[in-house]
Amino acid sequence: MSNVNPVVIARTPLRSATTEPPWVRYLLTVLALAFLGAFLLLPLVSVFTEALRNGLGTYLKAITEPDALSAIKLTLIAAAIAVPANLVFGVAAAWAIAKFEFRGKTFLTTLIDLPFSVSPVVAGLIYVLMFGASGWARPLLDTVDIQIIFAVPGIVLATIFVTFPFIARELIPLMQQQGTDDEQAALSLGANGWQTFWYVTLPNVRWALLYGVLLCNARAMGEFGAVSVVSGHIRGKTNTMPLHVEILYNEYNFAASFAVASLLAGLALITLALKSFLEARHAGELARGQKH
Amino acid sequence: MTSIAATSPAVRRMPRSPIPGFPLALGFTLFWLGLIVLIPLAGVFFKAATLGPAEIWQIVSSERVLAALRLSFGTALLAAALNAVFGLLVAWVFVRYEFPGKRLFDAAIDLPFALPTAVAGIALTALYAGNGWIGSLLEPLGLKVAYTPLGIVVALTFIGLPFVVRTVEPVLRDAEKEFEEAAASLGATRLQTIWRVILPSILPSLLTGFTLAFARGVGEYGSVIFIAGNIPFVSEIAPLLIVIRLEEFNYAAATTVAAAMLVVSFVMLLAINVLQAWSNRHRNRHATAANKET
């Protein structure tokens, strides 16, 4: 570019051939940002202003009352089980799909993505049909005497379902790009399978793994529809934070509802900040073009 | 590019891979997939199958179910179309132009992925209600958004936006400037170049994003139920109808509506896969063409 004859550049505005006149650029930029502002930023801001509408005292009271605290606790428990479960699954699935060739691989990948295209309500319903009062897997449950629907295990199951593909789909494309050269080198140098996994594969995918965990966790803590169907909404017992938000809202206790919602919005902001940090710092170690 | 793609499966399909752990990894994957996803999902169809065709037809063809399905699909379609337009605009502006605060706005695009749907629902309702920041501006114009089907479209637009932006963005970024320069040097106006050169090359990704947003919108629940008003026949979405039937312990009706929605999801998933394959082929062809040039 630098050694092009300057006269040519001056004569023919090369740039104008592949971009728009300035006024079009400004207009489009303003339009796009106005749309983002109205549709994305305004709702976010309104969560915090509504939460603090009745002052800081009401806010603090709303998030420290026993029902709110037990909702926070249940949300943390559900995420603490669902995220590691999907982590183990994601790593196993990515290992099988990315490092080996076998028939039906594409089909398997599609099946793993399936929970993304199922309505959250249907995700909850399938477990009610299975483990509910007249569920078809009920006889199995009665022998061990556990309650799943309208109890914590149901909430955990529904959470695992809706966050099922998150970690796998971050790992699979990246591990496919990386191939098996590093692993073969490690094996030929005498490492065993687990050593190869721990010291070679895992460090190679650590940022993508963290990225997946981050997104998985955000969805796990924020899931509403699926959890709502299986929870039974028992206050102080089977209420997660999003369900608590709904209950307070339906009771016209808006300030308290938005107060709990603001905690979830804060979680979303932290997630987004970490996510863009990872994308900026470790872009090369994340799967290319994998955003969702 | 093509030659590598053609030979690599053959190279990698060696009879015995030196990498260990295949049976364990695949076995666990299939076991967990079956336990958590496939078996429970199959349960819906088994349950629906016990009903008999007459009963299924009676449930699906009832006015209220039809109205709910129409509403869910109609609003999701409208929101996805809105997102296709604005998502393309946003992707274009972010890829092609520079402006202050770009990184912040770029991070904000993913907000709908990160913000719990219930939070989005109550926030949008507060904004678009008659006394809200946006609602109070629209109400004098005779435009009621909250508690009408229009509110559903707003919520689904919020939910679906990142799908379009994030699918179109990488393709737009990869698009070779050389093609545009060639078009311009052959005498095309900028508008002709955009319409004839750029748009066709990003169309597959735009359609993929549109379908993703649509699929998500059809099943969306949390963000919609607060703003919809939930009046039967008017603003009651299909997922809500499933919940209502379930709370009445009418499992037959809940399952039938769910099975209908699942079938549609599967078709959509298939469409997304086909579109994505098409989009990738498109991208690769462009990449090979560009490689040959250099």
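In what follows, every chain begins at residue 1, and chains take the letters A, B, ... in the order their sequences are listed.
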Side chain from CB out, backbone as N, CA, C, O: work out which of these in [X] comes under 4.5 Å of a heavy atom of chain B, or both, or neither.
X: S262(A); answer: neither
X: I112(A); answer: both
X: L31(A); answer: both
X: F89(A); answer: both
X: L129(A); answer: side chain
X: Y26(A); answer: neither
X: A85(A); answer: both
X: F35(A); answer: side chain
X: T49(A); answer: side chain
X: L187(A); answer: side chain
X: L36(A); answer: side chain
X: L33(A); answer: both
X: E246(A); answer: both
X: V128(A); answer: side chain

Contact class of [X] relative to chain A, heavy atoms under 4.5 angstrom:
X: F266(B); answer: side chain
X: L161(B); answer: side chain
X: L111(B); answer: both
X: L240(B); answer: neither
X: L127(B); answer: side chain
X: Y97(B); answer: side chain

With ring centroids as reference points, do F158(B) and F39(A) lie under 6.0 angstrom apart?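 When the ring centroids of F158(B) and F39(A) are compared, they turn out to be at least 6.0 Å apart.
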Residues R96(B) and E180(B) bridged, charged N to O under 4.0 Å: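 Result for this pair is yes, salt bridge flagged.
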Using a cut-off of under 4.5 Å on heavy-atom pairs, state which of L41(B), I194(B), T157(B), L124(B) scores highest against chain A.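 Answer, by heavy-atom pair count under 4.5 Å with chain A: L41(B).
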